[in-house]
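Numbered from 1 within each chain, the chains take letters A, B, ... in sequence-line order.
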Protein chains: 2
Amino acid sequence: MARRSEHSKEQIREMALAAAEDIVEADGLAGLSARKIAKQIGYTVGTLYLVFRNLDDLVLHVNARTLDALFAKIQDSLHKCRTPRTCVLAMGRAYVDFATENPKRWNMVFEHQLAEGEEVPYWFADKVNMMFQLVQLQLTPLLESQTEKKIDLVSKTIWCGVHGICSLAVTGKLDISDAESIHVLTDSLINNYLAGMATTLKGE
Amino acid sequence: MARRSEHSKEQIREMALAAAEDIVEADGLAGLSARKIAKQIGYTVGTLYLVFRNLDDLVLHVNARTLDALFAKIQDSLHKCRTPRTCVLAMGRAYVDFATENPKRWNMVFEHQLAEGEEVPYWFADKVNMMFQLVQLQLTPLLESQTEKKIDLVSKTIWCGVHGICSLAVTGKLDISDAESIHVLTDSLINNYLAGMATTLKGE
DNA sequence: ATCATTACTGAACGATGTTCAATATATTTA
DNA sequence: TAAATATATTGAACATCGTTCAGTAATGAT
């Protein structure tokens, strides 16, 4: 055997990640296996380990791609909004839309956990933080008089809230599942939280 | 072998669930295995399958116990509060406290997913719904003029938000991890959301 | 044409969830 | 008390999993 250089290592990586995405979106993280990926790209298991440290590493990279796609979709949603409030609303809806369109892939980002000793690599943590920073960017016009710590708190609170709604809805723990009904919850969260913040800021 | 009737089936169930809890809180869901549980209770793997349909079923029951303990803790927190707002604040803090005290067990409730065909049993869904109803119970005094649908929306939004904060904090996706810092977020969410709701209700 | 390098394989290992014929004990019957 | 029946428990077997790595086949260099 050995079809030397039919694909570069980088190509094999890409193929493996794409195959893994397919399998996960079809059967979830539980349905993913090294042998399935290998079979789908026409190589054997061993080859995967020349290109990834192990399956956890591969999943981490699939998750990175998911976060990238999610981030892109959320950034896109900002083209059609004008005020901080409507922009955060748009972001929340885009988040929900992505999650309902790619439920298993999105879910894997939060389902997957590294083994005890392993650390989440910095480049992965960065991708998560970028999401919060994008919220922060929208909100700063409303919070110019506030400390950075306060702005950080507000962005995190809102975005965690949106995530919580999305998470419980997509995993079927609420009775709702269609995107439209979930938007009602995220809209409510963002509108009321911001309205409440406005009153407490005035009262100072 | 066969130490007939040394323990009743119900006792073996209890022992297995307790052992599983121990293992999960030590090593997480990934560290749990049928053989480990069996070894810890002094039986062999086969015995577990006389008492549970399969490992998924066992995990589901561990999760049920976790939800029961969580619910009890949250109910307890209601003895020291007087207003709807402070009661929901107390509930949020109790939720965070439980999650930080039992991170792996709590996490498993949301990490674990049944296989494609399997349905979440009604008694499990009930336990989740009871949590929302407890929030609803606190909030109805503030929302007496509102439709039931609106009350439901508000409770779900707030509690999902609290869950989202808790979830991202406990799994290390925020930079914070101590309970006190997480309380700041849940307090902020609840206080601002309710304040915002008060203004929109007045404006009607 | 030979050698060295490289790309890839696939058998092997230990561990997993799950099943079920076999077995050892307890209870009932004679 | 002894034999027969019933039942509680076992543990070997199966397929599948992640992971490793000696071996092999094809390429590039000499």
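- The nearest whole Å value for the distance from the OH atom in A:Y43 to the P atom in D:dT19 is 21 Å.
- Listed candidates were D:dG18, C:dT18, C:dG10. Nearest to the side chain of B:N54 is C:dT18.
- Side chains of A:K36 and A:D27 form a contact here, defined as non-hydrogen atoms less than 4.5 Å apart.
- You'll find the side chain of B:L139 reaches within 4.5 Å of the side chain of B:L194, heavy atoms only.
- Taking atom CD1 of residue A:I37 and atom P of nucleotide C:dT9, one finds them 15 Å apart after rounding to whole Å.
- B:L67 has its side chain within reach of B:M131: a pair of non-hydrogen atoms, C-beta onward, lies under 4.5 Å apart.
- As rounded to whole Å, 12 Å separates atom P of C:dT19 from atom CG of B:L48.
- With respect to B:K9 and B:E14, no salt bridge is recorded, no charged nitrogen being found less than 4.0 Å from a carboxylate O.
- Nearer the 5' end of DNA chain C, as judged by each residue's closest nucleotide, is the contact made by A:L50, out of B:D56 and A:L50.
- B:R85 is linked by a salt bridge (Lys or Arg N to Asp or Glu O under 4.0 Å) to nothing, counting only residues two or more places apart in sequence or in another chain.
- Comparing D:dT19, C:dT18, C:dG10 by their closest approach to the side chain of A:T44 singles out C:dG10.
- Interface residues of residues 12-36 of chain A facing DNA chain D, ordered by number: A:L32, A:S33, A:A34, A:R35; criterion, heavy-atom separation under 4.0 Å.
- Within the structure, every side-chain polar atom (N or O) of A:T47 is placed at least 4.0 Å from both OP1 and OP2 of C:dA7.
- Between the NE2 atom of A:H7 and the P atom of C:dA7 there is a distance of 14 Å, given to the nearest Å.
- Of the two residues contacting DNA chain D, namely A:V45 and B:G46, the nearest-nucleotide position lying further toward the 5' end is that of B:G46.
- Rounded to a whole Å, the CG atom of A:L55 is 14 Å from the C1' atom of D:dT20.
- Across the protein-nucleic acid pair, A:D57 atom CG and D:dT20 atom P stand 12 Å apart, rounded to whole Å.
- In this structure, B:K104 does not pair ionically with B:E111, as no charged nitrogen and carboxylate oxygen lie closer than 4.0 Å.
- Taking side-chain N and O atoms only, B:Y49 has no distance below 4.0 Å to OP1 or OP2 of C:dT19.
- Between the CD atom of B:E118 and the P atom of C:dT18 there is a distance of 10 Å, rounded to whole Å.
- Whole-Å rounding puts the B:K39 NZ to C:dT16 P distance at 10 Å.
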List the atom pairs, with distances to 0.1 Å, where a side-chain N or O of residues 92-99 of chain B and a protein N or O form a donor-acceptor pair under 3.5 Å, not counting sequence neighbours.
unit_1 : atom_1 : unit_2 : atom_2 : d
B:R93  : NE     : B:D187 : OD1    : 3.3
B:R93  : NE     : B:D187 : OD2    : 3.3
B:R93  : NH2    : B:D187 : OD2    : 2.9
B:Y95  : OH     : B:W106 : NE1    : 3.4
B:Y95  : OH     : B:H163 : ND1    : 2.9
B:D97  : OD1    : B:H183 : NE2    : 2.9

